[in-house]
Amino acid sequence: MPLDHIVSILPELNKAFFETLYMVGISLTVSIIVGLPLGILLFVTDRGLFLEQILVKNVVGFIVNLVRSVPFIILLVALIPFTNWLVGTTIGPTAASVALSVAAIPFFARVVETSIREIDKGVIEAAIAVGATPWMIIREVLLPEARPGIIQGATLTLISLIAYSAMAGIVGGGGVGDLAIRYGYYRYDNTIMFTTIIVLVLLVQVIQLAGDIFSKIVDKR
Amino acid sequence: MPLDHIVSILPELNKAFFETLYMVGISLTVSIIVGLPLGILLFVTDRGLFLEQILVKNVVGFIVNLVRSVPFIILLVALIPFTNWLVGTTIGPTAASVALSVAAIPFFARVVETSIREIDKGVIEAAIAVGATPWMIIREVLLPEARPGIIQGATLTLISLIAYSAMAGIVGGGGVGDLAIRYGYYRYDNTIMFTTIIVLVLLVQVIQLAGDIFSKIVDKR
Amino acid sequence: GGSDDSTSDSSESAAPEAEETKEVKIGATSGPYADMVTKAIKPGLEEKGYTVEVVEFSDYIVPNRALDNGDIQANLFQHKVYMENFAKENNMELSDLIVVPTAPMGIYSNVFASMDEIADGAEIAIPNDPTNAARAFLILEDEGLIKLDENVSPLTVSENDIVENVKNLQFVPIEAAQLPRSVEQVDLAAVPGNFALASDMDLLDALVLENMPDEYRNRVVVKGGEEETQLSKDIIEIVESAGFEEIIDAEFQGFGKPEWMENR
Amino acid sequence: MIVKGHVEGLGERGDAMIRVENLVKEYKTKKGIIIGVDHVNVTIEKGEVFGIVGYSGAGKSSFIRCLNLLETPSNGEIYIDGVGLTSLSKQELRAARLKIGMIFQHFYLISAKTVAENIAFALKAANHPRKEINDRVHELLEMVGLADKAEVYPAQLSGGQKQRVGIARALANNPSVLLCDEATSALDPSTTKSILKLLKKINKELGITIVLITHEMEVVKEICDRVAVMQDGKFVEEGPVYEVFAHPQEELTKHFISSVLQFDLPAAIVEHCAGTIVKIQFKGAVAGEGVISDMLQQFNVKGNFLHGKIEYIQDIPLGIFIMELQGSSSAVADAISYLEKRTEQVEVIRDAA
Amino acid sequence: MIVKGHVEGLGERGDAMIRVENLVKEYKTKKGIIIGVDHVNVTIEKGEVFGIVGYSGAGKSSFIRCLNLLETPSNGEIYIDGVGLTSLSKQELRAARLKIGMIFQHFYLISAKTVAENIAFALKAANHPRKEINDRVHELLEMVGLADKAEVYPAQLSGGQKQRVGIARALANNPSVLLCDEATSALDPSTTKSILKLLKKINKELGITIVLITHEMEVVKEICDRVAVMQDGKFVEEGPVYEVFAHPQEELTKHFISSVLQFDLPAAIVEHCAGTIVKIQFKGAVAGEGVISDMLQQFNVKGNFLHGKIEYIQDIPLGIFIMELQGSSSAVADAISYLEKRTEQVEVIRDAA
Ligand SMILES: Nc1ncnc2c1ncn2[C@@H]1O[C@H](COP(=O)(O)OP(=O)(O)OP(=O)(O)O)[C@@H](O)[C@H]1O
Ligand SMILES: Nc1ncnc2c1ncn2[C@@H]1O[C@H](COP(=O)(O)OP(=O)(O)OP(=O)(O)O)[C@@H](O)[C@H]1O
Ligand SMILES: [Mg+2]
Ligand SMILES: [Mg+2]
């Protein structure tokens, strides 16, 4: 591989790298902010739980499944008016982040739900028996107990987001994956193709490693 | 929504529906056939387990992560020579199935690994203590015990495959997701886009339901 | 479903001697060109006893590879310059049969009323695939707004190959089909005619339309050496027929006709 | 007499702390309705330690979990300190629960929080100000003997230590009732002893009413004032512990007691004996009167202890002996009738004649 | 004497079934090396029931898991029926394990397989033909009293039933050794009894050597021939059960035994007593000789039983009594010296003089 060619694309790669970080950063943040409460909601409103609301549970569950069934590109298009209203533009990394976030929210919500489901029901009952409010139980029992699983889930979401962010190119979002597609794929530039893929693979491995370590640190079991 | 317009698309929708079933059917089958052993391998070769082989574990783990980091479209194209060699064509649902399978294998392998990891180590030790061979332990302990989780994981894989299969259009694979993209995205035909999305959502919900029921049936815990 | 037979016959290659092959697959990119094959070419071929399957691609590389591979017998999505460069770069032989009506790319704007008004540093959305990007750059070059590196292949041209950028245009590469949806977001957008039409844009609203020599019009392409097969002859015959033009006039308004069609 | 004295010893007693009226708990499952608790009526006095024994599935957990409405009763009423729980709003129920501590077999501590935070959690539920919480946490840790473990996570504690944290959490808001669902079943015998001692101390010093599920009669013997035996969701027998031990009415109760007071004579021993074999039971003060000594000295029989035991149930002795009496048949008969007169509990297991 | 007779009763004994030489098991953890087993040497005879007691973390599980190489010893050698395990190939080790059954506290059954399939699993490991397997499974189910549960999944069984399945699985291939790691700790006392009875039956009828971990001395008393007390990875005391109960050497052993033979006299009782308080221990045949009866009849003292118990440890009585002796101080002194002569185990707890 011609080294000087690699050097010549470094500025672009660098830009793409930060675009990727920007997009997945925003999307992860949003999906945590929205998906976490949704995941908790899916759990606590379930049958036999302390905020049992089967209707809420079913409606939220349906919406989550719905968003997960729609192909990403369609989601991207369907969201254009919303994206425009929300961030004032339908192109660029910020706009791409909206669609990425919407796709990641239900995914992360399910991950959170699954993690919380693994908490021993006895611990929740003990909290109820102590006279704790639902809010206290959520904040001081469910979240701390599920923390290692939620961190693992956030890692999983982040890695999926990186894969999905390659599609940000559709709305001019840029990013490393898009760089790989536009230059590596469409313009037959194997140097860029391999360089970007190596960057992606490294990024994914680093994230996985960091997620594992972080999740282990907060795991007090 | 103009009803006759929907009616006019029905033959195509029908064809696309079966294309989707065909693609995800093949990919799920392949990912089970290849991903299941891989997932088991990832588990049994781990530290402290009965076929401990840290090198194998790390190499397989790296490859799995690698495939999961590459954007799907790049994977699709990178696989074209392989696809041609394997199925003699590079277009159509069969060719798309190859890329879908390759993407699904590491995903399913991780799902299997996670499910197996949830088996009480004591049960495995009891099998070792009884003098069982590794093969017996895999076939008669790991697989039956992890069955509900593996079925749930297969459901998850199947739903992801349906979402991914929308990208089969790149190689002319067709399918419901691609139909949605072709009409909704490229032809600005919202009627068909909504119709196809409803089909997708229903399909996903049915699969989820079936997966849940099936997993409950085999769960003897 | 129809999926099985769509793949199992891949062994029936489109070699010259396989003229008796009556099952054909024609590839096209999703949108008007796929529709053109379906509505204007397929019926004619079927009359001649062919069984035709239209394979829609949402990609600009796979249709040529599939052609070379024998998976499809003809495709319709590219112009001559792209075809020739693709063939060269990928070591394959591709031949064009006949040029078809092609919708001209236009530069649209909600901000500027004419090309002269374009302000320094304006943002312009361009297609992110090279075949359409090349067309956009050519328009801009014709308008004297940019100058492209002369050595660069139209196959791989990108905003990085611009050597002179008079108004410091900021390029935003976007998926071609997405461009009509982004006109409101940017100062300028280079929208391929087919997607402009699909999204109900008026081609006449364009600040400037592509000056389209035939080499930038799309054409039916087959694998090199298959120009003389019966299928190729039949396709040319159908496209040249009056019925084809009638369909174009009825259902593909705004598509610019090639010289041969205009001049007959 | 001592029995009575003991009961009077606790001045706070006499008022109903817990009143359960006609409690029914049914579970609706796919296989039909399962009855967990079946029309139970019981009143538990202030300051009492009330034990519940019964086999697995008898409904013990269902019953105790109804007492703080962790399970909603299908029917019946629960009064804690005069307050009917089933009619409370969610808000009021939470307030009521502050006054009902509960500890569990598997502790159920929050693994991601330190010992101190686990206890503080209960105090936060009662809206205590942060400063007070710190002080109270220390007080509680002192009380359960874990002052040095405040900043440690539960995973680093032994079972007994975890249960102490559970107790501290349950006591945080000065409850008037403490519910214990097999609180010692996961612990080894010596840890069990130390936990029981702690519970006893809590009961004595704080006057807290304790309801305690166990399947070990040893635990009942050690700590309970009253005991109920559950079967199929019902209280089949219920009464003061000493009385239940001394005069069990139901087969099931006898079976349970046999784990503490069981006398299987090895067959070889019985064969080996030539004399009459009798089983004598002494209750309370009688045990201290030297009846056997008197009998041996007054009658010309030779006594040989084959089996037996003296148990102290809440500091009151309960003795059971199986003796072989050897001598002339008339002397043995006289000895037996003497024993009968003084103990009212003699059973001839095998007559030598 | 009876002790000896009992040992001779099992003809198969006398050969070493298990020989452990200098066993060391270290665990390498992030926090350094933890010693699980520390230079243990022991020989367990054919047909023996060998108990191991000790507190949590003493190394009991580590030890027993080394016996079938579930843990690889860090050092030392294990011989089962003369075969050194540590030098075996994987293949040979699997074959050796067929002859070493193991049962666990938490049963560890395959939840997705029926009871019959769980047992068949062990038989498949030994490559039995399918037809034989069916017959053998039925035979085993019959043996553990679960013939009617063959087609049921473990989740539908009670704890005791699950352990029976575990036992059937462990016995499937006619092992010569059965390892039990707290096999009854998760069970309630009456289920524990029935499981112990089953183990006893297996030991007697099939002559299988049993190594058994427990933290309940009751279990040791009931079933073991020999017992070892573990602490910090070492066997701090080891010997025939009766001897260990009768003459415990180590503090720890005494502590364990006290759970079975413990006599805390309530303070009130002691104050209440005027006479001399003595503790008398009878061992074996002496217990049957009526020593107390003789003493009471020969000396002018009044005897009052304050506490005490006769335990049968493997059908041999072991009696401990705490008595108050009242009378002239010389008569009491004479009585005590008489008791000393006949029992050699008299301890004056409080002298009235
Ligand atoms: N949530 C539930 N759903 C259905 N049935 C239940 C539920 N909880 C308990 N039961 C049933 O109610 C009956 C009483 O159970 P409970 O747990 O109260 O018994 P227990 O005496 O506490 O037993 P253990 O000693 O095993 O804890 C049993 O038949 C049990 O199967
Ligand atoms: N896999 C392991 N890794 C690290 N340390 C271990 C491991 N297994 C046991 N230990 C340590 O070895 C020592 C002995 O443990 P072991 O489980 O043998 O004790 P035990 O007597 O069986 O205790 P318990 O009654 O709790 O089962 C303990 O300090 C324990 O922490
Ligand atoms: Mg219970
Ligand atoms: Mg252990």
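Order of the sequence lines fixes the chain letters, A, B, ..., with proteins taken first and strands second; residue numbering starts at 1 for each chain. Only heavy atoms go into these numbers, but all of them, side chains included; no hydrogens, no water, no symmetry mates.
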C/Arg181 and B/Tyr185: side-chain contact (heavy atoms from CB on, under 4.5 Å), yes or no, with the steps?
CA-CA 10 Å; C/Arg181 300 181 176 99; B/Tyr185 180 64; 3.2 Å; yes

Would the number of heavy atoms belonging to other residues, nucleotides or ligands and lying under 6.0 Å from CD of C/Glu93 be above 12?
no

Is it true that a side-chain atom of B/Arg187 and a backbone atom of C/Gly31 form a donor plus acceptor pair closer than 3.5 Å?
yes

For atom OH of B/Tyr188, decide whether the heavy atoms of other residues, nucleotides or ligands shown that lie under 6.0 angstrom number more than 12.
yes

Rounded to the nearest 0.5 Å, what's the gap from CD1 on B/Ile80 to CG on C/Asn69? Could you check?
9.0 Å

Between C/Val62, C/Val55, C/Ile61, which has the largest tally of heavy atom pairs under 4.5 Å with chain B?
C/Val62

Is it the side chain or the backbone of C/Pro180 that comes within 4.5 Å of chain B heavy atoms, both, or neither?
both

Between B/Thr89 and C/Asp71 (side chain of the first, backbone of the second, donor and acceptor by atom type, cut-off under 3.5 Å), is there such a pair?
no

Under the side-chain contact (heavy atoms from CB on, under 4.5 Å) criterion, do C/Ile72 and B/Ile91 qualify, and how do the steps go?
CA-CA 8 Å; C/Ile72 57 177; B/Ile91 61 156; 3.3 Å; yes

For C/Asp200, is it the side chain, the backbone, both or neither that has a heavy atom under 4.5 Å from a heavy atom of chain B?
neither

Determine the minimum heavy-atom distance between C/Ser58 and B/Ile170, stating which atoms define it.
OG-N, 3.1 Å

Scan side-chain atoms only and decide if B/Tyr186 and C/Glu175 contain a donor-acceptor pair under the 3.5 Å cut-off.
yes

Answer yes or no: does atom CD of C/Glu184 have more than 12 heavy-atom neighbours from other residues, nucleotides or ligands under 6.0 Å?
no

Counting only heavy atoms not in C/Glu251, do more than 12 sit closer than 6.0 Å to its CD atom?
yes

